[in-house]
**Student:** 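Before anything else, here's the structure in question.
These values consider heavy atoms only, across backbone and side chains, with no hydrogens, waters or symmetry-generated copies. Chain A is the first sequence line, chain B the second, and so forth, proteins listed ahead of strands; every chain is numbered from 1.
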Amino acid sequence: MKSSSPYLVGRHMRGLWWKIWIDSQPRSSPRSIALASPPAVETCAPINMTSENPRLRFAPSPTGALHIGGARTALYNWLAARHEGGKLVLRIEDTDRERSIAENVEQILDAMRWLELDWDEGPISQAGRADSHAAALGRLLESGAAYRDAATAKDVEAWKAEHGTRRGYRGTPTEEPGAAVRLRVPDSGETVVEDLIRGPVSFPNTSYDDFVIARGDGTVLYNFAVAIDDAEMGITDVVRGDDHLSNTPKQLLVLAALGHEAPRYAHLPLLHGPDGKKLSKRHGAASVQELRDSGYLPAAVRNYLALLGWGTDDDTTLMPTEELVRRFRVADVGKSAAIFDERKLRWLNGRFMREMPLDEYTAAVARHLGRESDARLRAACEIAQEKAQTLDEVWPLIRFLFEPPVDDEKAWAKVMKADTGALLAAAAEALAAVEPFDPASIESGLAPLLERFEIKPGRLYQPIRVAITGSSVSPGIFESLSVLGREPALDRISTAVERLSASSADG
RNA sequence: GCCGCUAUCGUCUAGGGGACUAGGACGCCGGAUUCUCAGUCCGGAAACCGGGGUUCGAAUCCCCGUAGCGGUACCA
């Protein structure tokens, strides 16, 4: 953060986080009651940012699975809360009754748990707070800060056609009980969002409509509910996506009308898809579940997501979660949108996989494969650990230890030449004598064949590999033979020799 | 349309008036490690959106463009 900014001292300044400037010129219409004598500058008391009790919230709407953008927002909130020793509240923004689906809530919770992002309170249903919302709505109606207006969307459009496009819609109060409720927005002045990441951002009040805060039936809308909930739940820091920045003044206006203190705000740059557009489900944006199913590790995903929009001064890239918690500061987050790049996640994931203790690694593989975490799997994991970048890549490498060799024509054709039968037969003979049947002994048992046949190692090892795995790709050949075991290995080699001689007889 | 945000290698970023011949990471290319693949190690190519201004000096500050994105719902 530029130290030149008067608003941001250091990289995580604390101080006045918002203020609303409203010209003292009241509007001529009766609507000005609520703002009859607004101060020229209305400012909340500075919040002491060293305050011991920061409260953050992650507030997803259950209109779909949690995608990586939402996951990053959740992570940043979690990191900020843990870094500050504060509380994280999980709130489900389900005031849109048609698009909010119960099973999506479970999906979101499931995703949070998998990411190992725990929360201290909630999940709280926003819709479940309808009574509080209704009470606040009543107060605003009472004070005149809000009013009923019978205008439909079409009416608003017509009004705008008449009054020009630069002006926000101003309605006409009505007593009609079924009419929607709108908040009065000042006709002058501007509302300033003191954003922790961007500094002060000001919006002319005239650019906002008297926006609807409650439907005709009394149920409330997002920008109203969110302001009330944040205030009543004692949220001190709102960390959310950039797509909310333009709506923040509306929430500030609601807060001001209600006499509530506003939280601090930090708007994160959006995550874009490869096409540069805002990430959404119709993007096929990777959901957290998809990441899990693809074999990524939660810790790697956290590390990667943290780096999307945030970096360290010293270029550190690989960070265990504790380090993320220690170093992360919301104010250090960058301002521009980032694009999700799975290749870097793969690399990062590979690093985490290789650095895991074997038992942990085996457990992760077992979970991913839905298998028993037994001694054999552990042995398999041991020889495959350094080769896989994702959990998904492990099985193809160790499959031969649990199932018969795969049938890979190409691999066979490539290494099983006419004269390899003799080679394999000699290898089998050598292997039968190896004692103990461990990688080092196997290697020294096989080595003399290289000289005897005057061949390069590949000429011998690749046929053995194909014989025991069916594939031309596997962990190290000595390790593979050892874990497979002498008898199965000899069986497979002799089967290959038979097949070889049968085909040469044919041909 | 209106309001707002953003702009450094393909991607994620560092840098915040002189330390910039612009650093790191992924990816890419080449080499090494010669049992495959992967991994690892070494090397390489690769960027300050454009134009003005301020200044002795601008990637950095200001303005104007341009582009991208977001908001503008009785969605969240």
Side-chain angles (χ1 to χ4, degrees), chain A residues 1-4 59-63 93-96 98-100 126 149 151-153 156 160 164-168 179-182 193 195 198 201-204 206-209 211-217 219-223 225-226 241-250 267 269-270 272 274 276-278 304 307-318 334-348 350-351 354 384-389 393 396-397 411 414-415 443 446 456-462 464-466 469 471-478 480:
Chain A
M1 226 45 5
K2 274 104 255 156
S3 52
S4 58
S61 78
T63 52
E93 311 268 45
D94 53 0
T95 50
D96 183 341
E98 275 164 30
R99 296 199 306 154
S100 298
Q126 187 163 54
D149 179 19
T152 62
V156 172
K160 286 186 174 177
T165 171
R166 307 186 69 100
R167 252 188 101 187
V181 179
R182 290 178 185 273
V193 179
D195 192 88
R198 292 158 210 287
V201 183
S202 52
F203 300 82
T206 46
S207 66
Y208 289 93
D209 293 339
F211 56 99
V212 175
I213 57 177
R215 300 180 179 96
D217 64 5
T219 57
V220 298
L221 263 23
Y222 173 77
N223 283 120
V226 86
D242 213 354
D243 48 342
H244 291 282
L245 182 57
S246 295
N247 282 325
T248 305
K250 293 181 183 177
H267 288 94
L270 257 22
H272 287 167
K277 297 266 201 297
K278 176 183 175 181
Y304 177 73
L307 256 16
L308 232 38
W310 171 78
T312 57
D313 305 348
D314 59 2
D315 292 328
T316 306
T317 302
L318 272 150
K335 297 179 187 173
S336 52
I339 293 171
F340 176 72
D341 176 18
E342 191 174 348
R343 289 175 304 183
K344 189 162 184 175
L345 171 59
R346 286 183 68 80
W347 169 79
L348 209 48
R351 296 293 300 251
R354 267 169 265 129
Q385 180 166 14
E386 63 172 18
K387 307 174 80 68
Q389 307 232 66
E393 290 174 6
L397 290 169
K414 193 174 175 192
V415 303
E443 179 166 17
L446 252 19
K456 290 183 175 177
R459 284 288 313 281
L460 174 63
Y461 301 141
Q462 277 302 80
I464 297 178
R465 174 169 281 118
V466 171
T469 72
S471 148
S472 58
V473 176
S474 86
I477 193 64
F478 312 122
S480 294

**Student:** Mind checking the C1' distance from B:rU36 to B:rC28? Whole angstroms is fine.
**Tutor:** 23 Å

**Student:** Assess whether a salt bridge exists between A:Arg198 and A:Asp242, defined as any Lys/Arg side-chain N lying under 4.0 Å from an Asp/Glu carboxylate O.
**Tutor:** yes

**Student:** Taking for each residue the nucleotide of RNA chain B with the nearest heavy atom, is it A:Gly334 or A:Ala214 whose nucleotide lies nearer the 5' end?
**Tutor:** A:Gly334

**Student:** Side chain of A:Phe203: nearest nucleotide among B:rG4, B:rU6, B:rG71?
**Tutor:** B:rG4

**Student:** Are the ring of A:His244 and the base ring of B:rA76 both nearer than 5.5 Å at their centres and tilted by less than 30°?
**Tutor:** yes

**Student:** According to the Watson-Crick and G-U wobble definitions, with both distances under 3.5 Å, which nucleotide is paired to B:rG70?
**Tutor:** B:rC3

**Student:** Hey, are the side chains of A:Asp209 and A:Lys160 touching, using non-hydrogen atoms and a 4.5 Å cut-off?
**Tutor:** yes

**Student:** If we call it a pair only when both distances are under 3.5 Å in a Watson-Crick or G-U wobble match, what pairs with B:rA58?
**Tutor:** none

**Student:** Separation of A:Leu397 atom CG from B:rC37 atom C1', in whole Å?
**Tutor:** 8 Å

**Student:** For B:rU36, which nucleotide is its Watson-Crick or G-U wobble mate, given both distances must be under 3.5 Å?
**Tutor:** none

**Student:** Parallel under 30°, tilted from 30 to 60°, perpendicular over 60°: which one fits the rings of A:Tyr222 and A:His244?
**Tutor:** tilted

**Student:** Remember a base hit wins even if backbone is also touched, and classify A:Arg167 as base, sugar-phosphate or nothing at under 4.0 Å, heavy atoms.
**Tutor:** nothing

**Student:** Nearest-Å distance, OH (A:Tyr208) to P (B:rC3)?
**Tutor:** 11 Å

**Student:** Write down the distance between CG (A:Asp243) and C1' (B:rA76), rounded to a whole number of angstrom.
**Tutor:** 9 Å

**Student:** RNA chain B: A:Leu221 or A:Lys250, which has the more 5' nearest nucleotide?
**Tutor:** A:Lys250

**Student:** How far does the C1' atom of B:rA47 sit from the matching atom of B:rU13, given to the nearest Å?
**Tutor:** 12 Å

**Student:** Can you check the A:Asp149 CG to B:rC74 P distance for me, whole Å?
**Tutor:** 11 Å

**Student:** Surrounding CZ of A:Arg166 (heavy atoms of other residues, nucleotides or ligands, distance under 6.0 Å), is the total greater than 12?
**Tutor:** no

**Student:** With A:Arg167, which residues qualify under salt bridge (charged side-chain N to carboxylate O under 4.0 Å, His left out), at least two apart?
**Tutor:** A:Asp187

**Student:** With sugar-phosphate meaning primed atoms plus P, OP1 and OP2, does A:Ala180 contact a base, only sugar-phosphate, or nothing at under 4.0 Å between heavy atoms?
**Tutor:** base

**Student:** Closer than 4.0 Å, any side-chain N/O of A:Lys160 to the OP1 or OP2 of B:rA73?
**Tutor:** yes

**Student:** So which nucleotide does B:rC28 pair with, by the Watson-Crick or G-U wobble rule with both distances under 3.5 Å?
**Tutor:** B:rG44

**Student:** Looking at B:rA7, B:rA76, B:rG70, which one has an atom nearest to any side-chain atom of A:Ser336?
**Tutor:** B:rA7

**Student:** From the options B:rC3, B:rU6, B:rU11, select the nucleotide whose nearest atom is closest to the side chain of A:Ile339.
**Tutor:** B:rU11

**Student:** Within the pair A:Arg198 and B:rG4, is there a side-chain N or O less than 4.0 Å away from OP1 or OP2?
**Tutor:** no

**Student:** So what's B:rG16 paired with, Watson-Crick or G-U wobble, going by both distances under 3.5 Å?
**Tutor:** none

**Student:** Distance between the C1' atoms of B:rA67 and B:rA25, in whole angstroms?
**Tutor:** 27 Å

**Student:** Pick base, sugar-phosphate or nothing for A:Thr316, based on heavy-atom distances below 4.0 Å to the nucleic acid.
**Tutor:** nothing

**Student:** Could you walk me through whether A:Phe203 and A:Leu245 pass the side-chain contact (heavy atoms from CB on, under 4.5 Å) check?
**Tutor:** CA-CA 10 Å; A:Phe203 300 82; A:Leu245 182 57; 4.1 Å; yes

**Student:** Heavy atoms under 4.0 Å, any strand shown: does A:Ser207 hit a base, just sugar-phosphate, or nothing?
**Tutor:** sugar-phosphate

**Student:** Roughly, in whole Å, what's the span from CG in A:Asp242 to C1' in B:rG68?
**Tutor:** 13 Å

**Student:** Report the nucleotide, chosen from B:rC75, B:rC12, B:rG70, that has the shortest atom-to-atom distance to any side-chain atom of A:Ala338.
**Tutor:** B:rC12

**Student:** Which letter, B, S or -, goes with each nucleotide of nucleotides 20-36 of chain B from 5' to 3', with contact meaning a protein heavy atom under 4.0 Å?
**Tutor:** ---BSBSS-------BB

**Student:** Within the 4.0 Å heavy-atom criterion, would you say A:Ala179 contacts the bases, only the backbone, or no part of the nucleic acid?
**Tutor:** nothing

**Student:** Remember a base hit wins even if backbone is also touched, and classify A:Tyr222 as base, sugar-phosphate or nothing at under 4.0 Å, heavy atoms.
**Tutor:** base

